[in-house]
Amino acid sequence: MHIKPILAALKRHKAGTILIALQIALTLAIVCNAIFIIHQRLERVQRPTGMVETDLMAIHSAFVGMGDNQGGPLIKADLQALRQLPGVQDAVSLNSYPLRGGGWSTGVRTDVDAKDSKAHTTQYFGDDHVLSTMAVRLVAGRNFRSDEVVEADPRSVPDPSMVIVSKALADKLYPDGSALGKPIYIGDTKKPTTIIGIVERLGVPWNAMWSDDFYENSLILPVQLTSPYTSYLIRAKPGQLAEVMKAAPAALVKVNRLRVIPSERGVRTFAQIRDDAYKGDRGMAILMSVVCLVLLGVTAAGIVGLTSFWVGQRRKQIGVRRALGATKRDILSYFLTENLLIGVAGVAIGALLAIGMNLWLVTQFEMARLSLVYVLVGVVALLLLGQGAVLAPALRASRVSPVEATRSV
């Protein structure tokens with residue numbers, strides 16, 4: 001197959017050729033970046049919190065008419081009632097938990113004289129039941145003892161003498177792996193806090209893009225806040241989560257009726273919490289997927305339409321070629337090659353557009369840089385799509401009868 005006759009034919013159809021090439025280029029640029037965003041979103045949705053999320057639920061409770069430091073005894077009574085329920089394995093009162101959406105954050109230093117923090121982290125306040133309720137894996141050190149837990153007004157939390165940290169934070173603070181037993185300085189304090197335990201993984205309460213850099217940086221402090229607003233994490237015994245979902249709110253109301261448990265999102269399984277937290281990411285992934293499918297469909301339809309138009313225009317020429325000895329395979333190869341040349345031009349422009357679009361997104365929205373793998377896969381996919389789209393009209397062209405075409409000459 002000679003390329004020159006094909007190029008000469010394309011020059012006579014500049015408008016259609018340029019239109020399809022630009023359509024392929026634009027589709028490639030958008031689809032590559034869209035798939036990259038979809039992959040990022042799905043990775044976020046699937047990232048672990050570090051907890052065993054099955055058989056886990058949360059209840060948000062607020063006591064009515066209480067001051068900021070008057071919830072201590074009431075929270076103790078609630079926890080005692082929850083832990084005595086037949087289907088409950090353990091329960092804890094926390095200021096927040098992974099994927100909740102709101103919580104406390106601070107900087108951490110290893111040098112008391114350092115002006116800047118060495119790492120950013122979240123703070124979880126709870127008692128000696130935190131690890132068992134969350135079911136996080138302790139990889140070094142120990143848990144808190146009950147006599148080490150202190151009560152504190154949330155407006156004036158004392159500097160704790162000990163802390164449990166996530167492994168990601170421990171490695172950030174002490175890269176040589178010697179974090180256990182070492183001091184850290186939380187916030188602006190000058191008082192050292194000793195790391196007594198390290199858990200394998202524990203996510204922060206937020207799932208926003210700005211928190212991705214410190215998603216697994218977490219502190220657990222042996223402090224029971226006395227705020228009237230609290231969250232209870234409850235771990236049910238295997239297979240009994242549905243029963244606990246019904247029994248736990250009723251038990252809390254029985255302990256003290258002067259409370260508010262929101263009807264919406266007040267009582268949720270952790271599966272529901274995860275679904276709510278990543279609803280936006282899933283929606284974005286679905287939207288981007290629909291956009292990709294529409295663009296690919298429109299591009300394929302454009303190629304089919306243009307090639308069908310060209311076949312109709314060239315019916316006489318095809319007949320003459322057939323009469324002069326061209327085989328069906330020659331005609332088929334001609335249109336496939338012609339489309340491939342248009343496709344190569346389109347993907348070449350599209351690859352540059354894809355990279356340029358990503359660089360703009362990086363500067364405007366702090367996105368990650370597009371991997372060239374996505375561009376290469378997109379180039380191959382668009383070329384295959386183009387060849388598949390042109391196949392049907394090319395087959396129709398190859399079946400043009402030499403006699404039928406030459407009768408009108």
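Throughout, residue positions are numbered sequentially from 1 according to the sequence presented. Note that the structure is predicted; figures quoted are calculated from it, not measured.
Using a 4.5 Å cut-off on side-chain heavy atoms (C-beta onward), Ile273 and Tyr97 make contact. No side-chain heavy atom of Asp128 sits under 4.5 Å from any side-chain heavy atom of Glu148. Side chains of Ile184 and Leu219 form a contact here, defined as non-hydrogen atoms less than 4.5 Å apart. In this structure, Leu395 and Leu391 have side chains that are in contact, with non-hydrogen atoms separated by less than 4.5 Å. Counting heavy atoms from C-beta on, the side chains of Met57 and Phe270 never come closer than 4.5 Å. Within the 4.5 Å cutoff, no side-chain heavy atoms of Leu28 are placed close to those of Leu353. Side-chain atoms of Pro205 and Tyr124, non-hydrogen and from C-beta on, do get closer than 4.5 Å to each other. Side-chain atoms of Leu252 and Ile59, non-hydrogen and from C-beta on, do get closer than 4.5 Å to each other.
Asn217 contributes a side-chain N or O that, together with a main-chain N or O of His120, makes up a donor-acceptor pair within less than 3.5 Å. In terms of modelled atom types and a separation under 3.5 Å, the side chain of Asn358 and the main chain of Arg369 share no donor-acceptor contact. Counting only distance, with no hydrogens or angles, the side chain of Ser211 and the backbone of Ala208 share a donor-acceptor pair below 3.5 Å. Counting only distance, with no hydrogens or angles, the side chain of Thr49 and the backbone of Met51 share a donor-acceptor pair below 3.5 Å. A donor-acceptor distance shorter than 3.5 angstrom exists from the side chain of Thr269 to the backbone of Gln272, with no hydrogens or angles considered. Without hydrogens or angle criteria, Ser96 side chain to Gly102 main chain gives a donor-acceptor distance under 3.5 Å. Side-chain N or O atoms of Thr133 include none that pairs as donor or acceptor with a backbone N or O of Leu233 at under 3.5 Å. Proximity of a side-chain donor or acceptor of Arg83 to a complementary backbone N or O of Ala91 within less than 3.5 Å is detected.
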Stepwise, does the side-chain contact (heavy atoms from CB on, under 4.5 Å) test hold for Thr110 with Lys182? CA-CA 9 Å; Thr110 55; Lys182 293 292 182 65; over 6 Å; no
Please determine whether salt bridge (Lys or Arg N to Asp or Glu O under 4.0 Å) holds for the pair Arg235 and Glu53, giving the CA-CA distance in whole Å, both sets of side-chain angles, and the decisive distance to 0.1 Å. CA-CA 9 Å; Arg235 177 160 299 281; Glu53 298 178 10; over 6 Å; no
Pair Ile195-Ile198, side-chain contact (heavy atoms from CB on, under 4.5 Å): steps then yes or no: CA-CA 8 Å; Ile195 298 174; Ile198 301 174; 4.1 Å; yes
Criterion side-chain contact (heavy atoms from CB on, under 4.5 Å) on Trp104 and Leu225, from CA distance to verdict: CA-CA 12 Å; Trp104 295 37; Leu225 298 181; 4.1 Å; yes
Between Glu200 and Lys167, does a salt bridge (Lys or Arg N to Asp or Glu O under 4.0 Å) hold up when you go through it step by step? CA-CA 5 Å; Glu200 183 177 35; Lys167 189 177 186 302; over 6 Å; no
Run Thr299 and Thr27 through side chain to side chain donor-acceptor pair (under 3.5 Å) and show every step you take. CA-CA 7 Å; Thr299 301; Thr27 298; 2.6 Å; yes
Evaluate the criterion side-chain contact (heavy atoms from CB on, under 4.5 Å) for residue pair Arg142 and Arg145; output intermediate values, then yes/no. CA-CA 9 Å; Arg142 66 175 179 87; Arg145 297 193 304 268; 3.7 Å; yes
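In this structure Lys237 satisfies the side-chain contact (heavy atoms from CB on, under 4.5 Å) test together with Gln89, Gln240, sequence neighbours excluded.
Considering every non-hydrogen atom in both Ser93 and Leu79, the closest pair reads N-CD2, 3.7 Å. Residue Lys190 comes nearest to Val112 through the heavy atom pair NZ-O, 3.5 Å, listed as atom of the first residue, atom of the second, then distance. The two atoms that bring Ala354 and Asn33 nearest to each other are O-ND2, 3.1 Å, heavy atoms only. Taking every heavy atom of both residues into account, Leu202 and Ser166 meet most closely at N-CB, 4.2 Å. Of all heavy-atom pairs spanning Leu173 and Ala119, the tightest one is CD2-CB, 4.0 Å. In plain terms, the two heavy atoms of Val163 and Ile220 that are nearest each other are CG2-O, 3.3 Å.
For Asp147, the CG atom counts as densely surrounded, since its 6.0 Å shell holds more than 12 non-hydrogen atoms of other residues, nucleotides or ligands. More than 12 heavy atoms of other residues, nucleotides or ligands lie within 6.0 Å of NZ in Lys118, so this atom counts as buried by the packing criterion.
A donor-acceptor pair shorter than 3.5 Å cannot be found between the side chains of Ser105 and Gln123. A donor and an acceptor atom, one from each side chain of Tyr229 and His60, are nowhere located under 3.5 Å apart. For Ser218 and Thr122, the side-chain atoms include no donor-acceptor pair closer than 3.5 Å. A donor-acceptor contact closer than 3.5 angstrom links the side chains of Asp159 and Thr189. Side chains of Thr327 and Asp330: a donor on one and an acceptor on the other come within 3.5 Å.
Under the side-chain hydrogen bond (donor to acceptor under 3.5 Å, both in side chains) test applied with Tyr278, the options Arg41, Arg47, Gln46 reduce to a single match, Arg47.
Taking a cutoff of 4.0 Å between a charged side-chain nitrogen and a carboxylate oxygen, Asp78 and Arg259 qualify as a salt bridge. Ion pairing of Lys172 with Glu216 is absent here, as no side-chain N (NZ or NE/NH1/NH2) approaches a carboxylate O to less than 4.0 Å. Salt bridge present: Arg155 and Asp153 bring a charged side-chain N and a carboxylate O closer than 4.0 Å.
Taking CG of Asp281 as the start and CD of Glu43 as the end, the distance is 11.5 Å to the nearest 0.5 Å. Put simply, CG on Leu296 and CD1 on Ile24 are 11.0 Å apart, with the number rounded to the nearest 0.5 Å. If you take CD on Gln224 and OG1 on Thr226, they are separated by 8.5 Å, rounding to the nearest 0.5 Å. Rounding to the nearest 0.5 Å gives a distance of 8.0 Å between CD1 of Ile75 and CD of Glu151. The CD1 atom of Ile186 sits 4.0 Å away from atom OG1 of Thr193, with the distance rounded to the nearest 0.5 Å. Note that the CZ atom of Phe63 and the CG atom of Leu258 stand 9.5 Å from one another [nearest 0.5 Å].
No close placement of the Tyr215 and Trp206 rings is indicated, their centers lying 6.0 Å or farther apart.
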